[in-house]
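Quick note: numbers below take in every heavy atom, side chains included, and nothing from hydrogens, waters or symmetry partners.
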Amino acid sequence: DSEAFGHQLPNPSEASPHTSLFTFQNAGPQPAAYFHDKAKKTASSFTATNATAALFAEHHLNDHLLSYEHRLTSRIRKLSPGAVTYSSNNITDSTGASHPWGGTGMTVNRTLISQKTSHSQDPAQLSRWTSARFRGKQGHTLSLFSACRPCHSPTRLGSVWSQHCRYFASLSAPNSETLDPREQFDNDFIQAIDAALALGDAIIVGIDHNSDVRNSRLAQKLTQRGLLNPILTTHGTRNSPATHNQNGTRTPIDAPWVTHGVLVNRCGHCAFDNPKAAPSDHRLLWIEVDTTSILGKSLPPPGRSQQTALT
């Protein structure tokens with residue numbers, strides 16, 4: 001089950017006209033130093049896919065504690081000048097402060113970044129998601145969300161689950177039952193989705209559900225609001241493979257979600273060993289979107305990235 005699923009990720013020269021490529025991957029813990037081999041390979045993934053925006057999760061970095069050259073945005077700009085990276089980490093918990101578990105973010109290329117009006121992370125500042133909003137022509141607006149739903153791991157002090165339990169316990173009355181982090185994520189994330197829908201935004205989400213994307217509680221809530229998983233909608237759910245290589249039950253736990261007005265031309269899961277992906281135990285997921293459907297216009301090509309070596 002390590003092979004690709006769906007369409008084959010197009011090379012930059014094979015991109016459909018007037019489209020934008022959005023990717024999502026749980027890239028896994030990133031080294032603190034930009035010159036580490038894994039850091040270089042992760043940074044090069046954005047250039048290799050020629051993505052318009054790359055959404056990612058679980059980077060395990062506190063960018064604010066790194067010197068400028070080691071920050072995620074600096075690493076990627078060495079290969080893709082003009083690209084901007086927004087990342088977030090849990091600022092409510094001091095456990096593993098310099099290398100905290102979790103984190104979400106996105107990298108946006110130079111053409112789409114010119115349309116950005118705002119960016120933020122989840123209101124609780126737990127880095128459960130990172131978002132950005134863009135404005136095109138004729139009233140078209142787009143919200144991007146990169147998100148990670150907590151994995152149930154209560155025995156590990158530094159785990160995202162434990163971080164969230166400590167945070168919600170701090171808000172609760174003494175001796176009261178602590179809120180379930182996953183249930184709280186679902187409620188809070190749906191509020192953010194509802195807010196974007198109320199503004200009339202087209203929405204693209206990349207998320208690690210840490211549960212079956214076909215029938216989880218969150219999947220049901222997203223479906224009820226008219227969002228769909230374009231990969232499984234296009235290619236079917238029966239044969240969909242696992243998106244995490246430690247899963248032996250063919251259960252996809254990572255997914256893109258889009259509102260119905262987002263026109264997806266091609267989409268798929270890359271193979272686990274795809275050289276264009278970041279080195280991770282999660283697949284790279286991608287969707288090729290008709291740009292007019294999300295921004296009311298086409299974007300100019302970003303230009304050829306300078307293949308500057310990360311040294």
Side-chain angles (χ1 to χ4, degrees), residues 9-25 27 30 34 39-57 59 63 71-88 104-120 129-137 140-146 201-206 256 258 262-268 270 274-278 284-310:
L9 177 68
N11 292 319
S13 61
E14 301 168 339
S16 301
H18 312 300
T19 60
S20 298
L21 185 74
F22 296 87
T23 65
F24 173 75
Q25 186 177 19
Q30 295 300 303
Y34 77 85
K40 292 180 181 180
K41 289 179 178 178
T42 299
S44 68
S45 175
F46 181 71
T47 304
T49 60
N50 200 39
T52 304
L55 316 180
F56 55 87
H59 54 74
D63 242 17
R71 293 178 182 175
L72 288 170
T73 196
S74 300
R75 300 177 188 188
I76 296 171
R77 272 185 170 172
K78 288 176 181 291
L79 293 172
S80 300
V84 177
T85 299
Y86 304 106
S87 67
S88 58
T104 54
M106 64 179 69
T107 298
V108 182
N109 76 4
R110 71 173 83 195
T111 57
L112 182 59
I113 200 64
S114 64
Q115 311 298 310
K116 185 184 75 74
T117 60
S118 63
H119 70 276
S120 62
W129 64 84
T130 300
S131 62
R133 190 167 189 254
F134 306 84
R135 183 175 299 278
K137 294 183 70 174
H140 283 73
T141 49
L142 167 70
S143 281
L144 291 182
F145 292 89
S146 179
D201 292 357
I203 298 174
I204 297 175
V205 175
V258 301
V262 178
L263 301 181
V264 176
N265 295 330
R266 293 182 285 184
C267 54
C270 289
N274 189 298
K276 293 182 179 180
L284 177 76
L285 282 55
W286 62 275
I287 58 174
E288 184 186 62
V289 173
D290 183 310
T291 310
T292 304
S293 72
I294 55 175
L295 293 175
K297 64 176 182 177
S298 298
L299 293 174
R304 191 175 184 84
S305 297
Q306 299 176 12
Q307 299 297 310
T308 307
L310 282 170

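Judged by distance alone, the side chain of Thr52 and the main-chain N or O of Leu21 form a donor-acceptor pair under 3.5 Å. Although no hydrogens or angles enter the test, the distance criterion places a donor-acceptor pair under 3.5 Å between the side chain of Glu288 and the main chain of Ser16. Although no hydrogens or angles enter the test, the distance criterion places a donor-acceptor pair under 3.5 Å between the side chain of Ser293 and the main chain of Leu263. When atom types are taken as modelled, the side chain of His59 and the backbone of Thr104 share a donor-acceptor pair closer than 3.5 angstrom. The backbone N or O of Thr292 lies less than 3.5 Å from a partner atom in the side chain of Asp290, making a donor-acceptor pair. Distance alone, capped at 3.5 Å, places no donor-acceptor pair between the Thr42 side chain and the Ala39 backbone. The main-chain N or O of Ala277 is never found under 3.5 Å from a side-chain atom of Gln25 such that the two would form a donor-acceptor pair. Ser146 places a side-chain N or O within 3.5 Å of a backbone atom of Gly105 that can act as its donor or acceptor partner.
Between the side chains of Asn50 and Lys276, no donor N or O sits under 3.5 Å from an acceptor N or O. Checked by atom type, the side-chain pair Thr47/Ser80 shows a donor-acceptor distance below 3.5 Å. Looking at Asn109 and Thr111, their side chains do bring a donor and an acceptor atom within 3.5 Å of each other. In this model, a donor atom of one side chain and an acceptor atom of the other lie less than 3.5 Å apart for Thr130 and Ser88. For the 3.5 Å distance criterion, the side chains of Ser298 and Thr291 fail to qualify, holding no donor opposite an acceptor.
Here the closest non-hydrogen pair linking Ala15 and Pro10 is N-CB, 4.5 Å. The shortest heavy-atom contact between Arg135 and Thr117 is CB-CG2, 3.8 Å. For the pair Ile287 and Pro256, the tightest heavy-atom approach, listed with the atom from each and the gap, is CG2-CG, 4.1 Å. Minimum heavy-atom separation, Ala278 to Ala27: CB-CB, 4.2 Å. The minimum heavy-atom distance between Ala83 and Thr73, with the atom names listed, is O-OG1, 4.2 Å.
Side chains of Phe24 and Ile204 form no contact here, defined as non-hydrogen atoms less than 4.5 Å apart.
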Next on the checklist: Run the side chain to side chain contact (heavy atoms under 4.5 Å, CB included) test on Phe134 and Val108 for me, step by step, so that the C-alpha distance in whole Å, both residues' side-chain angles and the decisive distance to 0.1 Å come before the verdict.
Outcome noted: CA-CA 11 Å; Phe134 306 84; Val108 182; 4.1 Å; yes
Checklist entry - Given Asn274 and Leu284, is the side chain to side chain contact (heavy atoms under 4.5 Å, CB included) satisfied, shown in steps? => result CA-CA 8 Å; Asn274 189 298; Leu284 177 76; 5.7 Å; no
Next on the checklist: What verdict does the side chain to side chain contact (heavy atoms under 4.5 Å, CB included) test give for Arg266 and Leu9, after you've listed the backbone C-alpha separation in whole Å, the side-chain angles of each residue and the deciding distance to 0.1 Å?
Outcome noted: CA-CA 9 Å; Arg266 293 182 285 184; Leu9 177 68; over 6 Å; no
Item to check | Test side chain to side chain contact (heavy atoms under 4.5 Å, CB included) applied to Thr107 and Leu72, step by step | outcome: CA-CA 9 Å; Thr107 298; Leu72 288 170; over 6 Å; no
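Taking CZ from Phe22 and SG from Cys267, the interatomic distance works out to 13.5 Å, rounded to the nearest 0.5 Å. Between atom CG of residue Leu112 and atom OG of residue Ser20 there is a gap of 7.0 Å, rounded to the nearest 0.5 Å. Going from atom CG of Leu142 over to atom CG of Asp201 covers 7.5 Å, rounded to the nearest 0.5 Å. If you take CD1 on Ile294 and NE2 on His140, they are separated by 9.5 Å, rounding to the nearest 0.5 Å. Annotation: the span from Arg75 atom CZ to Thr85 atom OG1 amounts to 10.0 Å, rounded to 0.5 Å. The NE2 atom of His119 sits 9.5 Å away from the CE atom of Met106 when rounded to the nearest 0.5 Å.
More than 12 heavy atoms of other residues, nucleotides or ligands shown are found within 6.0 angstrom of CZ on Arg133.
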